[in-house]
> 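Please read through the structure below; I'll follow up with questions.
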Amino acid sequence: MSYEVDTPVFAGPFDLLLHLILQDEVDLYQVSLGGIIEAYLAEIQRMEGVNLAVATEFLLIAATLIELKSRRLLPDTSDLDLEEELALWEERDLLLARLLECKTFKDASQALKALSNDASLSFPRLVGMEEQFLGLMPDLLEGVTPKSINQAYLRATAPKPQLDLFHVTPVKLTVAETVESLIEELPVLGKTTLKHLTKSSVDRVEVVIYFLAVLELYKQGVVDLTQIKTFGDLTISWLGFDEDTDFANINTYEG
Amino acid sequence: MQSEEYRKAIEAILLVSDVPVEPSLLAQLLEIPKAEIENICSELMAEYENDNRGFVLVNVAGGYRYQTDPSMAPYVERFVLEGQTSRLSAAALETLAIVAYKQPISRMQISAIRGVNVDAVIRTLQQRGYIGEVGKDPGPGNAILFGTTSTFLERLGINDLSDLPPLSNFVPGADIVEALEDGLRPDQYNDVLDSQQHNDEAKPSNDEAASK
Amino acid sequence: MQSEEYRKAIEAILLVSDVPVEPSLLAQLLEIPKAEIENICSELMAEYENDNRGFVLVNVAGGYRYQTDPSMAPYVERFVLEGQTSRLSAAALETLAIVAYKQPISRMQISAIRGVNVDAVIRTLQQRGYIGEVGKDPGPGNAILFGTTSTFLERLGINDLSDLPPLSNFVPGADIVEALEDGLRPDQYNDVLDSQQHNDEAKPSNDEAASK
């Protein structure tokens, strides 16, 4: 088996990043980007000389983090190219969406593990047919010729080419765009639910992006959110905004 | 043939099968409706439980089969020794979860979610028989699509995929989303918090230094 | 532990054993006298008979095992004849072909070529008498080595293995292609070694098969 970044701590960059951000859930608000970047870079250094694919992915994410940090250090951002800045935000949104997805499956895998642990206490009977009946079994080789054995061997050992484009991410939607479209859509709808908004979404990441966009609007005070029970559907009510609502402030929306 | 006889025939057939037997096959062999097979099997399950047997009849991977009662695992393990299936790594489990919930799915799509190359993990899962090739992506590249197998269902002790807990159970709550978001936000908001944090840290540092 | 629990443990152990289990082994596993094991087994035999079960507990070849009740033979026969598909699956045929051309070969080597777990297929082929154990790998692990049987030759209508078409127009196997691919990837050094191993085995197989 190839090297897996499994021991001692993390299986891949998302895993590490998730851990770094969530390690101190109690002090949610004390997580600083700077600290994350430092720990992240330290981890990359520790991984010196391992799996190239993993290391590349690490570097990509580290670069995004560093860009985010440098953006923060600039005293005045107004001279930043708008295109560039939007691209950076998109990167961040993407990273966030992927982290959420990673976390979801991480938790799901624990549920599978629990199921499998329970199941492994019960052993199936695999003894099979009793000798007295074996003679009755139909001849499975009827119609099989030496030539078909030869062909089956060639089939079994034939090359199976595989495309490996693992670094390509299929996500197309961004939070910025979604906020934009929601500001147009929600006043018309008045009251709606997250499920309704995302009913045409094929990809789960899209749902996550919608969720983030709604969260942004909530922070700006233009919508109200209610969720009756945990994991229940999220009801979104449009509150509207006054002239002076500063949308430039919406974290993923510029102009 | 009496109902008693059907019951007996089902017990005999299940005893010699090494895979779960589908109720429709039992129905065909006994020439009675599938619903009746299911009734008889439910009765058998209840009987074994009432009689406190060391074996149970379960409905797994779409069929019925005999298994040992889970409470007897210590004795059975002592007897089989090698029967212990080796554990899956965390990476393998997460990949398996992705395949289970998003099948059919390509290697590339799995990698995109996991953020790492999954070739080796996929090969392990395939060798163990938990996942298999279920088709080809009709799009360009004709990527192989993977799905879980009946071995996977057997290993998890479930009858079909709908027995898995819904994925929505695991979607992170708003608190986690916010924590992640804040962790990645380089704006003024965090700066304020950061400076508060520094202030807070500055104060107790005296005591800390003193206590060292 | 109560007598009830012993009884349950014996049922569980006998359920998973594919050979008759000697009372002395049960005594050892349960840490009770052999005489008590024999008492409990007699009780179980009587219970199953009273309950008119489709299986019986018998004392055969010095041990206990479950068997189908003889009166249920017609149903079991039907299951044998109709229950299983009467043709080899593509997977089984490929496995059989690998054994035919590369014997003697271990289960693990077959899995490595097929890329999937082959335990169940091997069991089927063995039960049908098409392949058999022909020796043990002298290396670590002493893996069982499989080869084809005379039944296989008979059913195929050939005299010996040299009558199989030679693998003349030998196309590189998936393992070789993979090894080449992996060679370009510095991260999977171990995989390369793995595949090379198969690779080496694959080449001379042609002559080997022919010479037998």
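The chains referred to below are lettered A, B, ... by the order of the sequence lines, with proteins before strands, and numbering in each begins at 1.
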> Can you tell me how far CG of Asn50(B) sits from CD of Glu47(B), rounded to the nearest 0.5 angstrom?
8.0 Å
> Heavy-atom distances under 4.5 Å only: say whether Phe133(A) touches chain B with side chain, backbone, both or neither.
neither
> If every non-hydrogen atom of Phe105(A) is compared with every non-hydrogen atom of Ile98(B), which pair is closest and at what distance?
CG-CG1, 3.5 Å
> How long is the span from the CZ atom in Phe123(A) to the CZ atom in Phe79(B), to the nearest 0.5 Å?
11.0 Å
> Determine the option with the most heavy-atom pairs under 4.5 angstrom with chain B, choosing from Ala119(A), Ala111(A), Ala108(A).
Ala108(A)
> Against chain A, label Leu15(B) side chain, backbone, both or neither, depending on which of its atoms sit under 4.5 Å from a heavy atom there.
both
> If you take all heavy atoms of Ile144(B) and Glu133(B), which pair is closest and at what distance?
CG2-CG, 3.4 Å
> Go through the atoms of Pro165(B) and report whether side chain, backbone, both or neither lie under 4.5 Å from a heavy atom of chain A.
side chain
> As an exercise: rank Pro20(B), Gly157(B), Ala73(B), Ala174(B) by heavy-atom pairs under 4.5 Å with chain A and give me the winner.
Ala73(B)
> Give the minimum heavy-atom separation between Pro172(B) and Thr104(A), together with the two atoms involved.
CD-OG1, 3.1 Å
> Hey, which of Asn117(A), Leu112(A), Leu126(A) has the most heavy atom pairs under 4.5 Å with chain B?
Leu112(A)
> For residues 54-68 of chain B, give me every residue with a non-hydrogen atom less than 4.5 Å from any non-hydrogen atom of chain A.
Val56(B), Arg65(B), Tyr66(B), Gln67(B), Thr68(B)
> Less than 4.0 angstrom from a charged side-chain N to a carboxylate O is my criterion; do Arg123(B) and Asp119(B) meet it?
no
> Would Leu153(B) and Thr148(B) satisfy side-chain contact (heavy atoms from CB on, under 4.5 Å), going step by step from the backbone distance to the final call?
CA-CA 8 Å; Leu153(B) 297 177; Thr148(B) 51; 5.5 Å; no
> Tell me if the CD atom of Glu49(B) is crowded by more than 12 foreign heavy atoms within 6.0 Å.
no
